[in-house]
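Heavy-atom basis, side chains included; hydrogens, waters and symmetry copies ignored. As the structure is a prediction and not an experimental result, all values here were calculated from the model. Sequence positions, counted from 1, serve as the residue numbers for this chain.
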Amino acid sequence: LLYQTGPANDRAFVGMDLDGYVGLYGFLGAGWGFIMNVTNGNVGIGTGNPANKLQVATAYCTGTTWVNNSDRNLKQDFATWDAEDVLEKTPAMPMGSWVNNSEPAEKHIGPMAQDFYAAFGLGDSDRAISTIDEGGVAFAAIQGLNEKVEVRSQKAETRIQKLEAENAELKRRLATLEQIILNQKSR
């Protein structure tokens with residue numbers, strides 16, 4: 001099946017790629033935009049050789065798990081976030097359970113996209129939350145909590161050492177007083 005609206009190079013068709021592959025091909029753009037391996041059922045969007053049940057460019061679904069590509073080599077504009085700031089914003093974000101209008105039997109728990117976007121400004125809109133951003137916020141909040149625990153632990157250790165030193169000094173003074181009392185009694 002061939003579709004053409006203009007010049008000879010402005011066309012698309014549905015057909016076979018290699019043995020066992022069918023898909024949609026566009027001469028302008030990325031070539032095979034959608035392809036299915038009919039021998040194993042793998043589907044690819046933006047890839048010519050899907051290695052998983054569903055592969056969209058470099059992200060994929062194994063059939064039970066969605067896997068976001070997070071390769072450092074595919075990223076740019078790196079910046080650090082203040083983990084304690086993320087930790088402070090997380091408990092303030094409204095959280096609750098809900099069901100999607102289209103799936104009323106399936107219950108979920110989590111934040112609303114609007115609240116998540118207002119708190120962190122991540123993603124491309126306030127209508128959806130990327131799973132990679134949820135994971136990133138969770139990891140940053142864990143790091144912030146760890147920093148808080150470490151600071152408190154260091155303060156507690158310093159306080160314990162001070163109290164132990166004071167206690168040792170008091171024991172020494174008490175022993176001295178007991179010795180004075182015993183010396184006076186033996187006279």
Side-chain angles (χ1 to χ4, degrees), residues 30 33-34 37 40-175:
F34 172 85
N37 181 329
N40 62 19
N42 290 353
V43 173
I45 300 171
T47 180
N49 189 16
N52 294 281
K53 290 299 174 198
L54 174 62
Q55 185 168 341
V56 181
T58 58
Y60 59 91
C61 179
T62 63
T64 58
T65 305
W66 180 256
V67 181
N68 294 304
N69 186 317
S70 195
D71 184 344
R72 174 180 283 109
N73 297 308
L74 300 175
K75 299 175 182 180
Q76 60 186 16
D77 300 332
F78 296 94
T80 58
W81 276 53
D82 182 347
E84 287 188 46
D85 183 50
V86 173
L87 178 63
E88 295 303 318
K89 290 177 181 178
T90 303
M93 191 173 19
M95 197 76 60
S97 64
W98 41 270
V99 296
N100 281 320
N101 294 340
S102 61
E103 299 170 333
E106 192 174 316
K107 196 170 194 172
H108 301 276
I109 185 171
M112 299 302 122
Q114 292 82 355
D115 299 322
F116 189 86
Y117 191 80
F120 304 109
L122 298 171
D124 60 0
S125 80
D126 68 349
R127 304 204 20 100
I129 302 173
S130 164
T131 55
I132 205 160
D133 289 335
E134 277 185 327
V137 165
F139 277 113
I142 290 167
Q143 288 178 341
L145 184 58
N146 185 62
E147 288 174 20
K148 206 175 220 182
V149 167
E150 287 295 322
V151 165
R152 285 186 181 174
S153 178
Q154 288 173 357
K155 286 180 180 177
E157 184 60 35
T158 300
R159 185 170 181 257
I160 288 168
Q161 288 175 359
K162 181 181 174 189
L163 290 171
E164 285 175 345
E166 287 175 3
N167 192 40
E169 173 62 18
L170 289 172
K171 282 182 178 181
R172 186 192 63 74
R173 290 174 64 189
L174 179 61

If you look at every heavy atom in F120 and M93, which pair is closest and at what distance? CE1-CE, 3.5 Å

Take N69 and D71 through the test side-chain hydrogen bond (donor to acceptor under 3.5 Å, both in side chains) and record every step on the way to the result. CA-CA 6 Å; N69 186 317; D71 184 344; 5.4 Å; no

Please answer whether the main-chain N or O of A57 pairs with a side-chain N or O of Q55 as donor and acceptor at a distance below 3.5 Å. yes

Rounded to the nearest 0.5 Å, how far does CD1 of I160 lie from CG of N167? 12.5 Å

Would you mind listing every salt bridge (Lys or Arg N to Asp or Glu O under 4.0 Å) that reaches into residues 78-100, with sequence neighbours excluded? D85-K89, E88-K148

Write down the atom of T47, the atom of G44, and the distance for their closest heavy-atom approach. CG2-CA, 3.7 Å

Check W66 against L54 and note the closest heavy-atom contact, atom names and distance. CZ3-CD2, 4.2 Å

Residues T131, N68; criterion side-chain hydrogen bond (donor to acceptor under 3.5 Å, both in side chains); working and verdict: CA-CA 8 Å; T131 55; N68 294 304; 2.7 Å; yes

Could you report the tightest heavy-atom contact between P111 and E134, atom names first, then the distance? CD-OE2, 4.2 Å

Does the side-chain hydrogen bond (donor to acceptor under 3.5 Å, both in side chains) test come out yes or no for E150 and Q154, once each step is laid out? CA-CA 6 Å; E150 287 295 322; Q154 288 173 357; 4.7 Å; no

Is it the case that more than 12 heavy atoms not belonging to K75 sit under 6.0 Å from its NZ atom? yes

Is any side-chain heavy atom of V137 less than 4.5 Å from a side-chain heavy atom of F116? yes

Which is it for T64 and K53 under the side-chain hydrogen bond (donor to acceptor under 3.5 Å, both in side chains) test, yes or no, and what are the steps along the way? CA-CA 9 Å; T64 58; K53 290 299 174 198; over 6 Å; no

Can you give me the closest heavy-atom contact between M95 and G110, atom names plus distance? SD-C, 3.3 Å

Could you grab the distance from atom CG of D124 to atom OH of Y117, nearest 0.5 Å is fine? 8.0 Å

Just by distance, do the side chain of N100 and the backbone of S102 share a donor-acceptor pair under 3.5 Å? no

At their closest point, which heavy atom of V86 faces which heavy atom of A140, and how far apart are they? CG1-CB, 3.8 Å

Roughly how far, to the nearest 0.5 Å, is the CZ atom of R173 from the CD atom of E166? 11.0 Å

Qualifying residue, where the test is side chain to side chain contact (heavy atoms under 4.5 Å, CB included) with P50 and the options are N40, N42, V56: N42

Is there side-chain contact between L122 and S130, with at least one heavy-atom pair below 4.5 Å? no

At what distance, to the nearest 0.5 angstrom, does CG of D126 lie from CE of M112? 13.0 Å

